Protein chains: 2
Amino acid sequence: MEARIKPPCEEIMRPLFHPAIEDVRPEAILHALSDPNRAAIFARIMRAGCVEACSAVSALGDRVIPKSSLSNHFKVLRDAGLIRSERRGVEMRNHSRWIEVEARFPGLLAAIVTAYAADGGEADRPPGP
Amino acid sequence: MEARIKPPCEEIMRPLFHPAIEDVRPEAILHALSDPNRAAIFARIMRAGCVEACSAVSALGDRVIPKSSLSNHFKVLRDAGLIRSERRGVEMRNHSRWIEVEARFPGLLAAIVTAYAADGGEADRPPGP
DNA sequence: CCCATAGTTCGAAAGTTCGGAACTATGGAA
DNA sequence: TTCCATAGTTCCGAACTTTCGAACTATGGG
């Protein structure tokens with residue numbers, strides 16, 4: 001159908017959606033982070049400031065997460081307004097929107113990340129035996 | 001099936017389960033409060049200190065929540081460790097476990113309730129447009 | 001051009017949530 | 001006591017969501 005002409009901008013080709021910070025809703029954030037895998041991914045991005053790629057995070061704890069599930073987890077985090085993703089060549093550069101979210105919902109992300117850390121040591125690990 | 005035989009318990013219908021505070025998981029809390037209806041119910045119980053009954057909360061905003069859904073919402077809040085429910089005669093007395101949860105996950109509940117309030121009072125909209 | 005890598009989309013199976021109808025428990029009225 | 005009203009739970013089917021393998025698209029390097 002649409003003959004898409006390649007734009008001169010070599011980075012963006014599919015428009016990844018990121019909500020404006022004022023459209024970010026608490027229920028979306030809580031839903032996104034109510035999955036321990038996603039919480040671990042987010043904690044990791046936050047700790048690193050920026051994680052190079054989805055694949056950099058493909059094993060959490062002792063469990064390997066399939067590519068398609070990972071892709072979906074990143075989409076949920078993105079749609080919730082928690083991270084910003086941009087294509088850099090063949091991979092994706094994800095960084096957290098901590099500062100924006102903190103300004104809108106003060107203390108929320110810190111409390112959540114701290115809660116996961118208090119629960120299992122690190123948010124990087126799904127609950128084990 | 002044919003006539004059901006009445007179970008031989010003259011006690012309460014079923015012992016309501018409440019997790020010990022050390023068994024409360026952050027993901028359960030986030031999941032429970034990621035539903036705006038449940039968040040509103042919880043905010044209301046917190047604000048009141050104690051709400052008399054499930055039915056006291058049966059209409060949130062302009063929407064009537066069916067009994068069975070309400071019953072389930074209270075169960076989710078209970079299982080997440082957010083409220084404690086006891087039978088008082090024909091109805092239920094629910095109160096929040098704020099103090100226990102606060103001791104285990106400091107700042108978490110306050111941040112969540114504040115976030116919903118900041119979002120536009122969605123968590124407990126007063127009657128009106 | 002072909003291949004490898006990084007990520008997305010498709011689709012089917014499994015799991016969760018919603019809500020109406022039927023049920024149980026309690027207390028009060030007849 | 002029996003009957004009724006109220007409060008809440010359970011059952012179960014429909015609708016929705018989640019998961020993950022396979023097929024697909026995009027980009028960069030031989």
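Fair warning: this is a prediction, and the values are worked out from it, not measured in the lab.
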Visitor: Hey, does the side chain of B/Arg38 come within less than 4.0 Å of C/dT17's phosphate (OP1/OP2), counting only N and O?
Guide: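 No, because none of the side-chain N or O atoms of B/Arg38 sits under 4.0 Å from OP1 or OP2 of C/dT17.
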Visitor: Can you check the B/Lys75 NZ to C/dT17 P distance for me, whole Å?
Guide: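 B/Lys75 atom NZ is separated from C/dT17 atom P by 10 Å.
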Visitor: Assign each of A/Ile65 and B/Asn94 to its nearest nucleotide of DNA chain D by heavy atoms, then name whichever residue's nucleotide is nearer the 5' end.
Guide: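 Looking at the nearest nucleotide for each, B/Asn94 comes out on the 5' side.
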Visitor: So, does B/Ser71 get its side chain near the phosphate of D/dG8, meaning an N or O under 4.0 Å from OP1 or OP2?
Guide: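 The answer is no; no side-chain N or O of B/Ser71 sits under 4.0 Å from OP1 or OP2.
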Visitor: 5'-most contact on DNA chain D: A/Lys67 or B/Arg93, nearest heavy atom basis?
Guide: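 Looking at the nearest nucleotide for each, B/Arg93 comes out on the 5' side.
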Visitor: What is the distance from CG of B/Asn72 to C1' of C/dT16, rounded to the nearest Å?
Guide: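 In whole Å, C/dT16 C1' and B/Asn72 CG are 10 Å from each other.
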Visitor: Using atom CG of A/Leu70 as one end and atom P of C/dA6 as the other, report the distance to the nearest whole Å.
Guide: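 In whole Å, C/dA6 P and A/Leu70 CG are 12 Å from each other.
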Visitor: Would a hydrophobic clustering, with Ile, Leu, Val, Met, Phe, Trp and Tyr connected at side-chain separations under 4.5 Å, put A/Trp98 with A/Val24?
Guide: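 Yes, because A/Trp98 and A/Val24 connect within a single hydrophobic cluster, where side-chain heavy atoms sit under 4.5 Å apart.
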Visitor: Consider side-chain hydrogen bond (donor to acceptor under 3.5 Å, both in side chains). Of B/Arg78, B/His95, B/Lys75, which one does B/Ser85 pass it with?
Guide: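 Filter result, single survivor: B/Arg78.
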Visitor: Nearest-Å distance, CZ (A/Arg88) to C1' (D/dG28)?
Guide: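 The distance from CZ of A/Arg88 to C1' of D/dG28 comes to 14 Å, rounded to the nearest Å.
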Visitor: Ignoring backbone atoms, test whether B/Ser69 places a side-chain nitrogen or oxygen under 4.0 Å from the OP1 or OP2 oxygen of C/dC18.
Guide: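 No, because none of the side-chain N or O atoms of B/Ser69 sits under 4.0 Å from OP1 or OP2 of C/dC18.
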Visitor: Assuming nearest nucleotide by heavy-atom distance, tell me which of B/Val90 and B/Val76 is located more 5' along DNA chain C.
Guide: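 It is B/Val76, whose closest nucleotide lies nearer the 5' terminus.
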Visitor: Once you round it to whole Å, what is the distance between C1' of C/dT16 and CG of B/Asp35?
Guide: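 It works out to 13 Å between those atoms.
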Visitor: Testing B/Leu82, B/Asp79, B/Ile41 for side-chain contact (heavy atoms from CB on, under 4.5 Å) with B/Phe74, which one passes?
Guide: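 Between B/Phe74 and the candidates, side-chain contact (heavy atoms from CB on, under 4.5 Å) is satisfied uniquely by B/Ile41.
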Visitor: Would you check if B/Leu33 and B/Val113 make a side-chain contact, meaning some heavy-atom pair closer than 4.5 Å?
Guide: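 They are not in side-chain contact.
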Visitor: Looking only at side-chain N and O atoms, does A/His31 come under 4.0 Å of OP1 or OP2 in D/dT18?
Guide: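 Yes, within the criterion.
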Visitor: Assess whether a salt bridge exists between A/Glu100 and A/Arg84, defined as any Lys/Arg side-chain N lying under 4.0 Å from an Asp/Glu carboxylate O.
Guide: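 Answer for the salt bridge query: yes.
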Visitor: Which whole-number value in Å describes the distance from B/Glu86 CD to D/dT9 C1'?
Guide: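 Distance check: B/Glu86 CD to D/dT9 C1' gives 18 Å.
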Visitor: In whole angstrom, give the distance that lies between atom CD of B/Glu91 and atom P of C/dG28.
Guide: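 Going from CD in B/Glu91 over to P in C/dG28 covers 12 Å.
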Visitor: Hey, does the side chain of A/Ser68 come within less than 4.0 Å of D/dG21's phosphate (OP1/OP2), counting only N and O?
Guide: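 No, no such contact exists.
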Visitor: Nearest-Å distance, NE2 (A/His73) to C1' (D/dT17)?
Guide: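 Distance, rounded to whole Å: 13 Å.
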Visitor: Looking only at side-chain N and O atoms, does A/Arg78 come under 4.0 Å of OP1 or OP2 in C/dT8?
Guide: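 Affirmative; the distance criterion is met.
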